[in-house]
Amino acid sequence: MSSSEFDVIKKYFTFDHNRDDVKLAGGDDCAIVIAPPGKQLLVTTDTLIEGVHFPPQTSAEDIAYKSIMVNLSDLAAMGATPAWLTLAITLPEINESWLQKFSSQFEALLTEFNLCLIGGDTTKGPLSITIQAMGLSEKDKIMRRDRAEVGDKIYVTGELGDAAIGLHTIQKDITDATLLPCKNRLNRPEARVKFGEDLNSFSNCAIDMSDGLVSDLGHIVNASHCGADIDLSAVPLSLCALGYFKRYSNNEIDWSMVLTQGDDYELCFTVNKHNQQAVESLANKHQLKVTCIGEITNSGVMSFYNNGQKVEFSRTGFKHF
Ligand code: ADP
Ligand code: MG
């Protein structure tokens with residue numbers, strides 16, 4: 001590694017922190033962290049590649065934001081509290097202004113979530129960011145895909161489809177200021193970290209929607225060996241999304257766009273009927289919208305209904321290969 005790469009690490013990827021469970025962060029071959037006794041360590045990793053996970057014109061701040069959030073979203077989906085990150089970054093060149101923007105946004109999120117960047121790797125090549133996020137959880141409070149039970153109600157947080165519309169407006173060069181909120185959802189997904197940390201008291205099963213409801217609920221149905229009935233008329237859409245369908249789609253909601261394109265990073269979770277009230281109060285406390293969109297069945301398949309009519313989806317999420 002040339003000295004300029006060490007300079008980059010020192011200048012842009014070294015941050016203050018106040019976690020006393022970090023014994024050594026950066027500067028040696030490994031970082032040293034101490035997991036508290038009785039807690040479980042949850043580990044996840046996600047890569048963002050230019051042209052695949054974000055369009056080439058995406059700003060350095062948005063890339064930093066999204067690369068952390070997609071990882072925190074995985075921790076949120078299992079109810080873990082974020083603790084540590086590593087960052088493997090591949091840069092086409094050392095662009096100080098880009099690095100400064102990336103680093104500032106990165107630091108703001110580290111502070112917001114009390115996270116420590118404990119190490120990483122810095123290499124040259126086409127722009128790509130890989131983050132590994134580590135979180136902590138009580139042993140009996142982890143939400144898993146294989147824990148849905150027949151009769152559970154199916155909920156989602158927030159609203160679905162905005163990110164898909166945001167991507168569409170970028171790809172089709174639609175410059176309509178009223179659609180900016182959708183573009184913002186694409187570039188700045190909000191991991192439901194605080195809600196997930198509390199939700200694990202009332203739900204055993206959750207997933208974050210990176211690939212779209214059809215694909216991600218499909219993972220729950222497969223892992224839990226159950227089925228699901230979904231009522232499309234209950235699926236929450238934002239005012240921005242409704243405006244888009246009104247103006248660009250003859251007032252017809254493109255359900256395939258909303259449910260199969262992904263990048264929403266909202267949570268889909270299941271709740272036993274006895275816990276519904278508690279979950280809705282919890283959502284209120286977090287000022288987060290949650291919506292019941294269906295129920296877990298024993299049918300073995302996912303069924304989507306729109307005004308009593310069955311709807312089939314051909315696309316099931318973004319496939320890399
Ligand atoms: P090694 O060659 O021993 O694998 P490197 O030369 O790749 O180590 O990195 C030197 C130190 O800088 C390591 O402690 C590593 O964790 C840290 N580091 C490298 N890149 C980054 C990065 N992008 N963010 C944070 N820490 C980094
Ligand atoms: Mg290395």
Take T270 and M143, measure what side chain to side chain contact (heavy atoms under 4.5 Å, CB included) needs, and give me the verdict at the end. CA-CA 10 Å; T270 77; M143 297 181 289; over 6 Å; no

What are the two closest heavy atoms between [X] and [Y], and how far apart are they?
X: M209; Y: D216; result: CA-OD2, 3.1 Å
X: C226; Y: T297; result: CB-O, 3.4 Å
X: D264; Y: V258; result: OD2-O, 4.1 Å
X: P236; Y: G158; result: CG-O, 3.3 Å
X: S128; Y: T47; result: OG-CG2, 4.0 Å
X: A35; Y: L136; result: CB-CD2, 4.4 Å

Tell me whether [X] shares a hydrophobic cluster with [Y], the cluster being built from Ile, Leu, Val, Met, Phe, Trp, Tyr side chains joined at under 4.5 Å.
X: L259; Y: L217; result: yes
X: V290; Y: I293; result: no
X: L91; Y: Y65; result: yes
X: L87; Y: W84; result: no
X: L167; Y: L160; result: no

Test item: [X] and [Y] side chains (from C-beta on) under 4.5 Å apart, heavy atoms:
X: P82; Y: V193; value: yes
X: E197; Y: H286; value: no
X: S4; Y: I94; value: yes
X: K66; Y: D263; value: yes
X: F13; Y: T122; value: yes
X: F304; Y: L213; value: yes
X: I129; Y: L127; value: yes
X: M257; Y: Y244; value: yes

Polar side-chain atom of [X] near backbone of [Y] as donor-acceptor pair, under 3.5 Å:
X: S215; Y: T260; result: no
X: T44; Y: A133; result: no
X: H53; Y: I49; result: yes
X: D152; Y: E149; result: yes
X: T90; Y: P126; result: no
X: S249; Y: N251; result: no

Using the rule given for side chain to side chain donor-acceptor pair (under 3.5 Å), can you reason through Q40 versus S137, listing the C-alpha separation, both sets of side-chain angles and the distance that settles it, and then say yes or no? CA-CA 5 Å; Q40 291 203 143; S137 175; 6.0 Å; no

Gap separating the [atom1] atom of [X] from the [atom2] atom of [Y], nearest 0.5 angstrom:
X: N71; Y: Q132; atom1: CG; atom2: CD; answer: 8.5 Å
X: I154; Y: I296; atom1: CD1; atom2: CD1; answer: 3.5 Å
X: K141; Y: D198; atom1: NZ; atom2: CG; answer: 8.0 Å
X: F106; Y: I63; atom1: CZ; atom2: CD1; answer: 12.5 Å
X: K153; Y: F269; atom1: NZ; atom2: CZ; answer: 13.5 Å
X: I131; Y: L115; atom1: CD1; atom2: CG; answer: 9.5 Å

Positive for side chain to side chain donor-acceptor pair (under 3.5 Å) with R185, one of E159, E190, E266: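 One option only clears the test, and that one is E266.
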
Candidate pair I170 and Q57, rule side chain to side chain contact (heavy atoms under 4.5 Å, CB included), full reasoning: CA-CA 10 Å; I170 292 170; Q57 65 268 45; 3.4 Å; yes

Within a reach of under 6.0 Å around NZ of K10, are more than 12 heavy atoms found that belong to other residues, nucleotides or ligands?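 Open.
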
Greater than 12 external heavy atoms within 6.0 Å of D28's CG: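 For D28, atom CG is crowded (more than 12 foreign heavy atoms under 6.0 Å).
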
Checking side chain to side chain donor-acceptor pair (under 3.5 Å) for the pair T178/D176: CA distance, chi angles, key distance, verdict? CA-CA 5 Å; T178 65; D176 176 341; 2.6 Å; yes

Walk me through whether E107 and S103 qualify under side chain to side chain donor-acceptor pair (under 3.5 Å). CA-CA 6 Å; E107 182 167 32; S103 174; 5.6 Å; no

Evaluate side chain to side chain donor-acceptor pair (under 3.5 Å) for S238 paired with D162, printing each intermediate quantity in order. CA-CA 7 Å; S238 70; D162 282 9; 2.7 Å; yes

Can you check salt bridge (Lys or Arg N to Asp or Glu O under 4.0 Å) on E96 and K11, steps first, answer last? CA-CA 10 Å; E96 302 273 347; K11 198 164 169 193; 3.2 Å; yes

Start with the C-alpha gap between F113 and M69, add the side-chain angles, then the distance that decides, and say whether side chain to side chain contact (heavy atoms under 4.5 Å, CB included) holds. CA-CA 10 Å; F113 289 98; M69 282 299 183; 3.7 Å; yes

I would like to know whether V22 and V33 meet side chain to side chain contact (heavy atoms under 4.5 Å, CB included); could you show each step before the answer? CA-CA 4 Å; V22 176; V33 292; 4.2 Å; yes

